[in-house]
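Reviewing the structure listed below.
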Amino acid sequence: MKRMADITHWADVVADEVLAKGRKHLVATGITPSGHIHIGNMREVVTADAAYRALLDKGAQAEFVYIADTYDPLRKVYPFLDESYAEHVGKPLSNVPCPCGKHQNYSEHYLEPFLVALERLGIHPTVYRADELYKQGVYTDAIKKALAKRNEIAAILQSVSGKTPADTWSPFNPICSACGKINTTIVTGFDQEAETVDYSCSCGNSGTVSMKGGGKLTWRVDWPARWKALGVTVEPYGKDHASKGGSYDTGMLIAKEVFDYDAPFPIVYEWIMLGNEGAMSSSSGVVVSISDMLKVVPPEVLRYLIIRTKPEKHIKFDPAQPLLNLVDEFERLHSVDAPGSYEKRILELSHAVGICHTDIPFKHMITIYQAAGGDFGKIMHIVKRAGYDTANERCIKELADNVGNWLEMYAPEFAKFSVKNELPVQAASLSETQRAFLASFSKLISLRAELSGEDYHNLVYSAKEQDSELTREMAQLLDVKPEQVQADPKELFKAVYTAVLGQQSGPKAGWFLSSLEKDFLVERFRKASEYKP
RNA sequence: GGGCUCGUAGCUCAGUCAGGCAGAGCGUCUGGCUUUUAACCAGACGGCCUAGGGUUCAAAUCCCUACGAGCCCGCCA
């Protein structure tokens with residue numbers, strides 16, 4: 001039986017295997033920015049980043065690149081697109097107009113927020129855009145080889161994937177100069193000297209394009225061409241490419257036989273499942289975008305979500321209550337005094353630079369935030385009174401913002417409460433004993449200086465003692481002897497929650513009350529005790 | 001039709017590559033401060049490791065076969 005300390009993190013296992021082949025490596029990842037880039041896609045880049053970091057840690061000479069497939073055609077009018085996009089279906093994404101009009105083109109619209117998110121996650125690959133790589137001629141050699149060996153590639157596709165490419169099939173798809181589409185053209189000839197390709201298009205047009213940017217290789221050829229052109233040695237990819245006869249299988253053979261290149265070390269990863277809604281998918285609209293998640297939790301928690309799970313296991317992700325457990329778990333791990341080597345490694349790989357930490361737990365801030373009604377001045381006031389370090393105000397602000405967004409976007413109802421501005425009508429249901437308690441409680445609080453959470457807590461429980469100040473006050477109001485006061489603390493707490501929140505339960509009472517203004521409480525409890533419907 | 005991955009405590013999962021006492025967190029329960037609530041601390045409960053077979057001195061771990069779950073592929077990622 002191995003102890004946790006003996007476990008090697010999967011990223012280090014990958015690094016070790018890869019290092020057995022050589023010291024110099026290029027880790028690559030790529031995503032098509034055809035829709036909101038979601039946390040399922042994030043798995044790819046975080047996985048790549050983990051492998052990259054592990055390689056660097058072992059002294060390898062490693063680089064990390066991210067290729068945005070901006071030259072892919074728009075496949076269809078996705079549910080989140082306007083119908084007017086019908087005319088753009090088939091055009092390369094970088095030639096399709098931006099949905100909001102503020103970006104250079106369609107792919108930039110989705111790419112930009114993703115790149116911002118990468119920055120926050122502490123992931124810094126060299127970013128390439130496929131359309132630029134093609135236009136710069138990075139793929140030209142590969143295009144020449146692929147066109148020349150068209151039949152060989154077709155044979156590989158047939159033998160591995162079991163389907164015969166059509167006679168008109170070509171590894172290269174020209175962009176039609178008339179209709180702008182890339183998936184409607186047929187290659188009719190090419191010139192290796194001039195580096196041009198002739199085509200005819202189903203729109204009736206025909207012409208000649210340059211190999212530099214005039215079109216792109218079909219996916220199954222594009223991928224191995226990229227390996228060769230950039231020198232990719234390690235690449236994570238989704239299980240969609242990992243099927244028998246899938247694009248990794250064909251890519252591996254095409255790389256070897258057409259481009260004379262060994263396929264990169266594969267890291268196959270599973271999907272992230274969203275709650276009970278199934279796999280995330282940009283085209284179906286079942287999506288939690290990375291940008292949304294970064295509004296809600298620190299980036300390191302998102303990294304941790306990916307890092308702690310082996311790539312081949314699927315991850316269940318739920319941004320509602322289960323997200324709190326994740327945050328909790330991470331905070332706990334973070335505060336362990338002597339973490340084992342495995343835990344330490346998880347933390348290292350989850351680490352993102354430039355993140356600030358506070359010692360305030362996320363869950364605690366949920367209460368503080370709501371007690372303060374979201375007002376940051378009040379939040380700081382409460383935080384200070386609770387004895388937390390307040391020097392790092394910026395970090396506390398970040399945490400408060402996260403919590404505020406979480407409450408608004410994902411929090412289940414039971415986690416929410418609000419301190420009512422007026423006495424809640426539920427006060428009508430208070431019993432005589434509860435009223436007497438609130439009146440006495442109000443009076444005693446008003447006579448004291450500042451009370452701590454514990455003070456409040458103890459004061460409530462003092463109702464159980466016959467000779468306490470509270471019991472005597474209540475007895476007088478109820479016109480009975482102190483020993484006849486029958487106060488169940490449970491009922492008293494309910495009275496407190498009813499008066500302040502209009503509900504039967506709430507956050508840990510003593511601590512909660514200490515985060516509210518004393519004068520407010522005195523007034524509120526007095527009113528509640530006198531309330532007559 | 002073909003393939004991949006997963007199945008371990010109520011829940012989420014480590015541990016499987018490299019066989020050697022069945023693990024963690026959460027939840028639950030109990031306890032700690034005269035103190036049931038949504039902060040804190042300690043402890044306990046909790047398991048035929050999906051099933052069956054094989055290899056082995058020894059199997060959650062390796063092999064085979066079922067079953068269950070999820071997913072992918074069938075030149076449109």
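For the numbers below, each heavy atom of this structure counts, side chains included, while hydrogens, waters and symmetry mates do not. Letters A, B, ... are given to chains in the order of the sequence lines, protein chains preceding strands, and every chain is numbered from 1.
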Using the P atom as the point on both nucleotides, what is the distance between B/C40 and B/G74, in whole Å?
50 Å
For atom C1', what is the distance between B/A51 and B/A69, given to the nearest Å?
15 Å
Hydrogens and angles aside, do A/Tyr388 and A/His364 bring a side-chain donor and acceptor to less than 3.5 Å of each other?
yes
Candidate list A/Arg43, A/Lys310, A/Lys239, test side chain to side chain donor-acceptor pair (under 3.5 Å), partner A/Glu270, passing option:
A/Lys239
How close or far is atom P of B/A77 from atom CG of A/Leu217, stated in whole angstroms?
14 Å
Ignoring the backbone of A/His364, work out which of B/C17, B/C73, B/A39 is nearest its side chain.
B/A39
Using 4.0 Å as the upper bound for N to carboxylate O, is an ion pair formed by A/Lys216 and A/Asp131?
no
Of the listed nucleotides (B/C13, B/A38, B/A77), which one gets closest to any side-chain atom of A/Gln503?
B/A38
Among the candidates B/C75, B/U12, B/U5, find the nucleotide nearest to the side-chain atoms of A/Glu270.
B/U5
At 4.0 Å (heavy atoms only), tell me whether A/Asp328 reaches a base, stays on the sugar-phosphate, or touches nothing.
nothing
Name the nucleic acid region contacted by A/Phe512, choosing base, sugar-phosphate or nothing; use a 4.0 angstrom heavy-atom cut-off, strictly under.
nothing
Nearest to the side chain of A/Phe417, heavy atoms from C-beta on, is which of B/G70, B/A38, B/A18?
B/A38
A/Lys310 side chain near B/G15 phosphate (N/O to OP1/OP2, under 4.0 Å):
yes
Any salt bridge between A/Glu331 and A/Lys363, counting N to O under 4.0 Å?
no
Please report the distance, rounded to the nearest Å, between OH in A/Tyr78 and C1' in B/A77.
10 Å
If we ignore hydrogens and angles and just use 3.5 Å, is the side chain of A/Tyr71 paired with the main-chain N or O of A/Arg129 as donor and acceptor?
no
What is the nucleic acid contact for A/Ala509, judged by heavy atoms within less than 4.0 Å: base, sugar-phosphate only, or nothing?
nothing
What's the OH-C1' distance between A/Tyr342 and B/A24, to the nearest Å?
11 Å
Here the distance between atom C1' of B/C75 and atom CD1 of A/Ile254, to the nearest Å, is 10 Å
Pick the P atom in B/C48 and in B/U36, then give their distance to the nearest Å.
35 Å
Please classify the nucleic acid contact of A/Lys313 as base, sugar-phosphate, or nothing, using heavy-atom distances under 4.0 Å.
sugar-phosphate
Output the rounded distance in Å from CG (A/Leu74) to P (B/A77).
12 Å
Taking for A/Lys216 and for A/Pro361 the nucleotide of RNA chain B with the nearest heavy atom, the one nearer the 5' end belongs to A/Pro361
A/Trp169 has an atom CH2; how far is it from atom P of B/C76, in whole Å?
11 Å
Considering only side-chain heavy atoms of A/Pro165, which listed nucleotide, B/C72, B/C75, B/C13, is closest?
B/C75
Selected nucleotide, minimal atom distance to A/Glu312 side chain, candidates B/U5, B/C72, B/U12:
B/U5
For A/Glu348, is there an ion pair with A/Arg345 - N to carboxylate O distance below 4.0 angstrom?
yes
Could you tell me whether A/Trp223 contacts a base, only the sugar-phosphate backbone, or nothing, with contacts defined as non-hydrogen atoms closer than 4.0 Å?
nothing
Result for ring pair (Phe, Tyr, Trp, His ring centres under 6.0 Å) between A/Tyr237 and one of A/Phe265, A/Tyr248, A/Tyr269 points to A/Tyr248
Between P of B/U5 and NE2 of A/His241, the distance in whole Å
17 Å
According to side-chain contact (heavy atoms from CB on, under 4.5 Å), who are the partners of A/Gln434, at least two apart in sequence or on a separate chain?
A/Leu430, A/Ser431, A/Glu491, A/Lys494, A/Ala495
Picking from B/U12, B/C6, B/C71, the nucleotide nearest the side-chain atoms of A/Lys239 would be B/C71
A/Tyr128 atom OH: more than 12 heavy-atom contacts under 6.0 Å:
no
Could you give the distance separating B/U16 and B/G3 at their P atoms, to the nearest angstrom?
28 Å
Do the side chain of A/Thr32 and the base of B/A77 come within less than 3.5 angstrom through a donor-acceptor pair of N or O atoms?
yes
Contacts of A/Ile366 and A/Ile315 projected onto RNA chain B by closest heavy atom; the upstream (5') one is A/Ile315
In whole Å, I'd like the distance from the CZ atom of A/Phe330 to the C1' atom of B/C13.
17 Å
Take atom P in B/A18 and the same atom in B/G54, then report the distance between them in whole Å.
24 Å
Shortest side-chain distance from A/Ser243, nucleotide among B/U5, B/U12, B/C73:
B/C73
Using the C1' atom as the point on both nucleotides, what is the distance between B/G47 and B/G15, in whole Å?
15 Å
Taking only the P atom of each, what is the distance from B/A9 to B/A14 in whole angstrom?
12 Å
Do A/Phe259 and A/Trp227 touch side chain to side chain, with heavy atoms closer than 4.5 Å?
no
Mind pulling the stems RNA chain B is in, i.e. runs of at least three Watson-Crick or G-U pairs, everything under 3.5 Å?
B:1-7 with B:67-73, B:10-13 with B:23-26, B:28-32 with B:40-44, B:50-54 with B:62-66
What's A/Asn183 touching, base or sugar-phosphate or nothing? Going by heavy atoms closer than 4.0 Å.
nothing
Which value, in whole Å, describes the distance between the P atoms of nucleotides B/G2 and B/C17?
30 Å
Residue A/Thr309, side-chain heavy atoms: nucleotide from B/A18, B/C73, B/A14 that is nearest:
B/A14
Minimum-distance nucleotide (side-chain atoms of A/Asn325 versus B/A77, B/C26, B/G25)
B/C26
